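Contents: one structure, followed by commentary.
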Amino acid sequence: MSEAFKQAERAFAEDEVPVGAVIVHQRRIIARAYNQVEKLKDPTAHAEMIAITQAASLLGGKWLVGASIYVTIEPCSMCAGALVLARVKEIVYGADDLKTGACGSVMNIAGTNKLNHKIRVKNGVLGKECGFLLTEFFKKKRK
(Lines give C-alpha, C1' and ligand atoms only; values in the text may rest on other atoms or scores of the structure.)
Protein backbone atom coordinates (compact mmCIF):
# COMPACT_ATOMS: atom_id res chain seq x y z
CA MET A 1 0.00 0.00 0.00
CA SER A 2 2.92 2.34 0.56
CA GLU A 3 3.69 2.16 -3.18
CA ALA A 4 0.08 3.07 -4.00
CA PHE A 5 0.35 5.96 -1.57
CA LYS A 6 3.44 7.23 -3.42
CA GLN A 7 1.37 7.22 -6.61
CA ALA A 8 -1.38 9.20 -4.84
CA GLU A 9 1.22 11.76 -3.80
CA ARG A 10 2.21 12.11 -7.47
CA ALA A 11 -1.42 12.79 -8.34
CA PHE A 12 -1.62 15.38 -5.56
CA ALA A 13 1.52 17.12 -6.90
CA GLU A 14 -0.08 17.24 -10.37
CA ASP A 15 -3.35 18.67 -9.02
CA GLU A 16 -5.25 15.44 -9.67
CA VAL A 17 -7.51 13.79 -7.10
CA PRO A 18 -4.86 11.94 -5.08
CA VAL A 19 -5.60 8.30 -5.77
CA GLY A 20 -2.87 5.78 -6.45
CA ALA A 21 -2.92 2.10 -7.33
CA VAL A 22 -0.50 -0.77 -7.78
CA ILE A 23 -1.19 -4.28 -9.03
CA VAL A 24 0.78 -7.19 -7.64
CA HIS A 25 1.09 -10.55 -9.41
CA GLN A 26 3.22 -13.41 -8.15
CA ARG A 27 4.60 -11.20 -5.37
CA ARG A 28 5.88 -8.44 -7.66
CA ILE A 29 4.45 -5.09 -8.69
CA ILE A 30 3.42 -5.25 -12.35
CA ALA A 31 1.59 -1.89 -12.60
CA ARG A 32 1.71 1.51 -10.94
CA ALA A 33 -0.72 4.33 -11.66
CA TYR A 34 -2.38 7.46 -10.33
CA ASN A 35 -5.45 9.44 -11.32
CA GLN A 36 -4.97 11.38 -14.56
CA VAL A 37 -8.53 12.52 -15.27
CA GLU A 38 -7.60 16.21 -15.60
CA LYS A 39 -4.34 15.66 -17.46
CA LEU A 40 -5.88 13.32 -20.05
CA LYS A 41 -9.31 14.99 -19.99
CA ASP A 42 -10.76 11.50 -19.64
CA PRO A 43 -13.34 10.61 -16.98
CA THR A 44 -12.18 6.98 -17.10
CA ALA A 45 -8.52 7.78 -16.32
CA HIS A 46 -8.76 6.56 -12.73
CA ALA A 47 -5.68 5.01 -11.15
CA GLU A 48 -7.27 1.56 -11.14
CA MET A 49 -8.22 1.69 -14.82
CA ILE A 50 -4.75 2.78 -15.89
CA ALA A 51 -3.17 0.09 -13.71
CA ILE A 52 -5.47 -2.61 -15.17
CA THR A 53 -4.42 -1.62 -18.69
CA GLN A 54 -0.72 -1.70 -17.77
CA ALA A 55 -1.00 -5.08 -16.01
CA ALA A 56 -2.99 -6.70 -18.82
CA SER A 57 -0.47 -5.46 -21.35
CA LEU A 58 2.43 -6.82 -19.33
CA LEU A 59 0.78 -10.20 -18.79
CA GLY A 60 -0.40 -10.37 -22.40
CA GLY A 61 -4.03 -11.11 -21.72
CA LYS A 62 -7.33 -9.65 -20.59
CA TRP A 63 -7.51 -11.42 -17.24
CA LEU A 64 -5.45 -10.68 -14.15
CA VAL A 65 -6.10 -14.01 -12.43
CA GLY A 66 -4.22 -14.26 -9.15
CA ALA A 67 -3.44 -10.52 -9.04
CA SER A 68 -4.16 -8.13 -6.18
CA ILE A 69 -4.71 -4.40 -6.48
CA TYR A 70 -3.74 -1.96 -3.75
CA VAL A 71 -5.54 1.36 -4.06
CA THR A 72 -5.65 4.34 -1.73
CA ILE A 73 -9.44 4.77 -1.82
CA GLU A 74 -12.32 2.37 -2.24
CA PRO A 75 -12.91 1.79 -5.96
CA CYS A 76 -15.95 3.39 -7.61
CA SER A 77 -18.52 1.38 -9.59
CA MET A 78 -16.60 1.77 -12.87
CA CYS A 79 -13.33 0.57 -11.36
CA ALA A 80 -14.89 -2.21 -9.28
CA GLY A 81 -16.71 -3.45 -12.38
CA ALA A 82 -13.50 -3.41 -14.41
CA LEU A 83 -11.70 -5.31 -11.64
CA VAL A 84 -14.44 -7.96 -11.69
CA LEU A 85 -14.14 -8.25 -15.48
CA ALA A 86 -10.36 -8.54 -15.15
CA ARG A 87 -10.78 -11.41 -12.64
CA VAL A 88 -8.62 -9.76 -9.97
CA LYS A 89 -8.29 -11.95 -6.87
CA GLU A 90 -8.17 -9.22 -4.22
CA ILE A 91 -8.76 -5.52 -3.66
CA VAL A 92 -6.90 -3.90 -0.76
CA TYR A 93 -7.78 -0.27 -0.20
CA GLY A 94 -7.08 2.52 2.23
CA ALA A 95 -9.91 5.01 2.77
CA ASP A 96 -13.61 4.22 2.47
CA ASP A 97 -15.52 6.28 -0.12
CA LEU A 98 -18.87 7.04 1.45
CA LYS A 99 -20.15 8.80 -1.69
CA THR A 100 -19.19 6.48 -4.56
CA GLY A 101 -17.53 3.41 -3.03
CA ALA A 102 -18.49 0.14 -4.75
CA CYS A 103 -16.75 -2.37 -2.47
CA GLY A 104 -19.17 -2.12 0.42
CA SER A 105 -19.68 1.54 1.35
CA VAL A 106 -22.41 2.56 -1.11
CA MET A 107 -22.77 -0.67 -3.09
CA ASN A 108 -20.82 -3.89 -3.38
CA ILE A 109 -19.97 -4.74 -6.97
CA ALA A 110 -16.70 -6.45 -6.05
CA GLY A 111 -18.20 -8.81 -3.49
CA THR A 112 -21.61 -9.65 -4.88
CA ASN A 113 -22.53 -13.26 -5.61
CA LYS A 114 -24.67 -12.12 -8.55
CA LEU A 115 -21.75 -11.62 -10.93
CA ASN A 116 -19.54 -14.25 -12.52
CA HIS A 117 -16.53 -13.35 -10.34
CA LYS A 118 -16.28 -12.32 -6.70
CA ILE A 119 -13.27 -10.43 -5.35
CA ARG A 120 -11.92 -10.62 -1.80
CA VAL A 121 -11.85 -7.11 -0.31
CA LYS A 122 -9.75 -5.75 2.55
CA ASN A 123 -10.18 -2.15 3.66
CA GLY A 124 -8.53 0.30 6.02
CA VAL A 125 -4.89 -0.36 5.09
CA LEU A 126 -3.16 3.01 5.67
CA GLY A 127 -6.71 4.33 5.77
CA LYS A 128 -5.99 7.38 7.90
CA GLU A 129 -3.06 8.48 5.75
CA CYS A 130 -4.96 7.94 2.51
CA GLY A 131 -8.01 9.76 3.84
CA PHE A 132 -5.89 12.66 5.10
CA LEU A 133 -4.29 13.16 1.68
CA LEU A 134 -7.74 13.32 0.06
CA THR A 135 -9.02 15.73 2.71
CA GLU A 136 -6.03 18.04 2.23
CA PHE A 137 -6.50 18.00 -1.54
CA PHE A 138 -10.13 19.07 -1.32
CA LYS A 139 -9.36 21.70 1.35
CA LYS A 140 -6.82 23.18 -1.08
CA LYS A 141 -9.41 23.12 -3.89
CA ARG A 142 -12.00 24.96 -1.81
CA LYS A 143 -9.65 27.90 -1.12
Side-chain angles (χ1 to χ4, degrees), residues 1-138 140-141:
M1 183 60 84
S2 62
E3 290 298 317
F5 190 79
K6 288 176 188 175
Q7 293 296 309
E9 290 176 319
R10 277 185 77 182
F12 188 95
E14 293 184 21
D15 205 30
E16 295 277 356
V17 176
V19 178
V22 298
I23 295 180
V24 174
H25 185 261
Q26 296 180 346
R27 300 173 63 124
R28 81 175 222 265
I29 295 174
I30 62 168
R32 287 180 170 82
Y34 59 94
N35 273 9
Q36 296 182 47
V37 171
E38 301 302 327
K39 178 181 181 179
L40 300 176
K41 298 183 181 8
D42 178 356
T44 69
H46 290 195
E48 301 96 321
M49 300 296 282
I50 295 168
I52 290 168
T53 300
Q54 288 175 5
S57 178
L58 182 89
L59 294 177
K62 62 183 177 182
W63 290 340
L64 306 178
V65 175
S68 298
I69 187 165
Y70 294 80
V71 61
T72 56
I73 192 168
E74 180 179 0
C76 69
S77 57
M78 173 183 68
C79 294
L83 291 163
V84 168
L85 292 174
R87 309 288 196 274
V88 168
K89 169 183 72 171
E90 177 183 42
I91 298 169
V92 180
Y93 72 86
D96 290 330
D97 185 342
L98 303 178
K99 293 183 179 181
T100 64
C103 295
S105 290
V106 177
M107 61 187 83
N108 194 4
I109 291 172
T112 183
N113 288 322
K114 294 181 179 184
L115 298 176
N116 62 340
H117 180 70
K118 185 176 179 179
I119 303 172
R120 182 172 61 229
V121 176
K122 181 177 181 182
N123 69 333
V125 178
L126 292 182
K128 287 181 183 178
E129 295 86 345
C130 295
F132 180 77
L133 190 61
L134 285 157
T135 299
E136 289 303 302
F137 176 80
F138 287 110
K140 185 176 95 172
K141 283 291 184 192

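As the structure is a computational prediction, the values presented were derived from the model and not from experiment.
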Subject >> P18 backbone acceptor or donor facing N35 side chain under 3.5 Å >> reply: no
Original post:
With no hydrogens and no angle check, is any side-chain donor or acceptor of E74 less than 3.5 Å from a backbone partner on Y93?
Top reply: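 Side chain of E74 to backbone of Y93, a donor-acceptor pair under 3.5 Å: no, none is there.
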Euclidean distance, [Y] [atom2] relative to [X] [atom1], rounded to 0.5 Å:
X    : Y    : atom1 : atom2 : value
E136 : F12  : CD    : CZ    : 6.5 Å
L115 : N108 : CG    : CG    : 9.5 Å
E48  : T72  : CD    : OG1   : 7.5 Å
K62  : S57  : NZ    : OG    : 15.5 Å
T44  : I50  : OG1   : CD1   : 8.0 Å

Subject >> Identified side-chain contact (heavy atoms from CB on, under 4.5 Å) partner of Y34 from the options E9, K39, H46 >> reply: K39
Original post:
Going by heavy atoms in the side chains, are H25 and L64 under 4.5 Å from each other?
Top reply: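 Contact flag for H25/L64 side chains = no.
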Original post:
Between D96 and N123, is any pair of side-chain heavy atoms under 4.5 Å apart?
Top reply: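 Heavy-atom side-chain distance check passes, below 4.5 Å.
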Original post:
Do N116 and R87 pass the side chain to side chain contact (heavy atoms under 4.5 Å, CB included) test, and can you show the C-alpha distance, the side-chain angles, and the key distance before you say yes or no?
Top reply: CA-CA 9 Å; N116 62 340; R87 309 288 196 274; 3.1 Å; yes
**OP:** List the steps and the verdict of salt bridge (charged side-chain N to carboxylate O under 4.0 Å, His left out) for E90 and K122.
**Re:** CA-CA 8 Å; E90 177 183 42; K122 181 177 181 182; over 6 Å; no
Subject >> Working for side chain to side chain contact (heavy atoms under 4.5 Å, CB included), residues Y70 and I29 >> reply: CA-CA 10 Å; Y70 294 80; I29 295 174; over 6 Å; no
